[in-house]
Amino acid sequence: TWTIQAWVKPDPGADGVVIRRLAGIPGDPANPGTISYELGVKNVGGAIRPYVRYVGVNTTTLGALEVLVDGSGPTEIKGGSQATSQIAPLEWSHLAGTYDPDTHTLSLYINGDLSSYRTDAYEPVWLGLNAAVCSTPLTIGGGESLLGIVQNGFEGWLDDVAILSGAMSATDIADYANSDVSKLDL
């Protein structure tokens, strides 16, 4: 169970990783790793669209379970006023992603509003792995491969990045995104 969140101020046309953690064996090319969790933005035809994802396992496939706010996910459930929206370049936006294994729910929040979620987010590949496998670097502002190569750098500004144990409630995320602290003009 986790929550990842950050304030982002993307450059025009930005895309890239805000936060990423891999599970795998560092430096071992035979074990390339999987995504434990990732929060970022994608440039889709000039629109900046946030996403949250990790690699999960269901009974038939192994693949990235991704919530992407563009309406492309066949199992996404849209919610809130931001459900089909993008974030604006050169403006601060609060992004948060949560994962709850009890309900198999992966959720994305934009500026405190539940934007999109899915309830088929099955067990992460890394759940139950030993500490050596999960001791990979955490990257902020880009994704690092297990071979140490930084890729998918975020284009813009980041602030107040947080990784929390447990899935924050929608109310707590909204309260944080709309708090007086969040209204500072940085």
Side-chain angles (χ1 to χ4, degrees), residues 1-21 35-54 56 65-73 75-121 124 138-143 152-186:
T1 304
W2 46 258
T3 299
I4 50 179
Q5 62 181 359
W7 285 95
V8 301
K9 185 177 182 181
D11 290 342
D15 86 351
V17 174
V18 174
I19 306 166
R20 178 189 285 165
R21 178 75 184 260
I35 297 170
S36 292
Y37 49 79
E38 181 176 298
L39 181 67
V41 298
K42 289 188 177 185
N43 182 327
V44 181
I48 302 169
R49 307 218 184 261
Y51 69 89
V52 61
R53 71 179 183 157
Y54 71 92
L65 296 175
E66 182 178 62
V67 173
L68 175 64
V69 184
D70 71 350
S72 70
T75 60
E76 289 180 38
I77 301 166
K78 310 301 182 266
S81 63
Q82 299 258 357
T84 58
S85 296
Q86 63 200 31
I87 59 173
L90 304 175
E91 291 183 21
W92 285 103
S93 296
H94 181 261
L95 305 180
T98 65
Y99 171 66
D100 183 345
D102 294 333
T103 60
H104 303 287
T105 303
L106 182 64
S107 302
L108 176 67
Y109 295 82
I110 300 174
N111 294 322
D113 189 31
L114 176 61
S115 180
S116 184
Y117 67 99
R118 59 191 304 160
T119 58
D120 63 347
L138 167 74
T139 56
I140 297 173
N152 301 323
F154 177 78
E155 299 149 349
W157 296 75
L158 300 174
D159 195 21
D160 202 13
V161 175
I163 300 142
L164 307 164
S165 178
M168 287 177 67
S169 71
T171 301
D172 289 341
I173 290 171
D175 287 349
Y176 182 80
N178 295 304
S179 68
D180 287 338
V181 172
S182 71
K183 294 181 173 59
L184 295 176
D185 185 19
L186 302 175

Check step by step if side-chain contact (heavy atoms from CB on, under 4.5 Å) holds for L108 and L39. CA-CA 9 Å; L108 176 67; L39 181 67; 4.2 Å; yes
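- Across I87 and P50, no two heavy atoms sit closer than the pair CG2-CG, 3.8 Å.
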Under the criterion side-chain contact (heavy atoms from CB on, under 4.5 Å), I'd like the reasoning laid out for W157 against W7: C-alpha separation, chi angles, the key distance, then a yes or no. CA-CA 8 Å; W157 296 75; W7 285 95; over 6 Å; no
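- Atom CG in D11 sits 7.5 Å away from atom CZ in F154 (nearest 0.5 Å).
- Of the residues I173, L114, L106, the one that meets the side chain to side chain contact (heavy atoms under 4.5 Å, CB included) test with T98 is I173.
- In this structure, W2 CH2 and L164 CG are separated by 11.5 Å, a value rounded to the nearest 0.5 Å.
- The closest donor-acceptor contact from the side chain of Q86 to the backbone of R49 lies at 3.5 Å or more, if one exists at all.
- For the pair D113 (side chain) and S115 (backbone), a donor-acceptor distance under 3.5 Å is absent.
- Contact between I48 and G13 at its shortest, heavy atoms only, is CD1-N, 4.1 Å.
- The nearest pair of heavy atoms linking N43 to A14 is CB-O, 3.6 Å.
- P10 and A88 make their closest contact through CG-O, 3.7 Å (heavy atoms, listed as atom of the first residue, atom of the second, distance).
- Atom CD in E38 sits 4.0 Å away from atom CZ in R20 (nearest 0.5 Å).
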Is there a side-chain contact (heavy atoms from CB on, under 4.5 Å) between T3 and D172? Walk through the geometry before answering. CA-CA 11 Å; T3 299; D172 289 341; over 6 Å; no
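- Here the closest non-hydrogen pair linking H94 and A177 is ND1-CB, 3.7 Å.
- Checked against side-chain contact (heavy atoms from CB on, under 4.5 Å), I163 has the following partners two or more places apart in sequence or in another chain: I4, I19, Y37, L138.
- Contact annotation: the side chain of V17 approaches that of Y51 to within less than 4.5 Å [non-hydrogen atoms, C-beta and beyond].
- Shown here for S93 and N111, the closest heavy-atom pair between the two residues is CA-OD1, 3.3 Å.
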